[in-house]
Amino acid sequence: MTHSDRALASRFLDVIEHDVVALTRAGVARGDKVFGGAILRKADLSLVIAATNRETENPLFHGEISTLNAFFALSDAARPKPLECLFLSTHEPCSLCLSAITWAGFDNFFYLFPYEDTRDAFNIPHDLRILSEVFRVENGDYARENAFWRSRSVDDLIGGDGGDLKDRIARVRALYDELSSVYQASKEGSDIPLS
């Protein structure tokens, strides 16, 4: 992969803002959470597939799981090998999705919002609670580089001097704040586990 970190961050923000958000908006209107994902080709950063959370159909259909399901539903001719792709998640993947990305054969994933944002800004604390209670991993401190994959946040990619990319992150964050407000208002009485 020969793309600069800045080029990756810019493309990831494009995909989230222009491909994932529209899907997420429709999902939130159904009562689904705000999580989504996309898969891009490493070679040219073209979008292969984007998807969003579909937990009202099945509580296991997190954003990443829905993305993987859509990816593997593509024909063999349309679907590149996972090792030829970049996996993008709007939010740092939970333990279920970390495992799914691993089992699917991806050697990387990137995310915009870290666990702390998911817990604090989006009022969805389950990722950190499960990592702590089940795996005894405190503060979401899993091995971000391991024998299976390397993970990085968009903030890691842009570093301290993000300039216009920081402005774009703020714009995308505002979109997600709006979606989160709609989701939070609709989840009362939901029969989704861990809503």
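Note: hydrogens, waters and symmetry copies are ignored here, and every other heavy atom, side chains too, is used. Throughout, residue positions are numbered sequentially from 1 according to the sequence presented. Since the model is a prediction, treat every value here as computed from it, not as a measurement.
Geometrically, R119 does not engage F122 in a cation-pi contact, judged by NZ or CZ lying under 6.0 Å from the ring centre and within 45° of the ring axis.
Here F71 and F106 bring their ring centres to under 6.0 angstrom of each other.
Listed by chain and residue number, nothing satisfies the salt bridge (Lys or Arg N to Asp or Glu O under 4.0 Å) test with R11 (two or more places apart in sequence, or in another chain).
Looking at heavy atoms from C-beta onward, V154 lies in side-chain contact with I169 at the 4.5 angstrom threshold. For the pair K33 and Y183, the minimum side-chain heavy-atom distance is below 4.5 Å. Taking 4.5 Å as the limit, every side-chain heavy atom of N53 sits out of range of all side-chain heavy atoms of T24.
A salt bridge is absent between R25 and D32: the closest approach of a Lys/Arg side-chain nitrogen to an acidic carboxylate oxygen does not fall below 4.0 angstrom. By the 4.0 Å N-to-carboxylate-O rule, K42 lies close enough to D107 to be salt-bridged with it.
A donor-acceptor pair shorter than 3.5 Å cannot be found between the side chains of E64 and Y111. With 3.5 Å as the limit, one finds no donor-acceptor pair spanning the side chains of D155 and S153.
Remark: L8 CG to F12 CZ distance equals 4.5 Å, nearest 0.5 Å. Atom CG of residue L96 and atom NE2 of residue H126 lie 13.5 Å apart, to the nearest 0.5 angstrom.
Taking the six-membered ring where tryptophan is involved, the planes of Y176 and H91 are perpendicular, since the angle between them exceeds 60° and thus also 30°.
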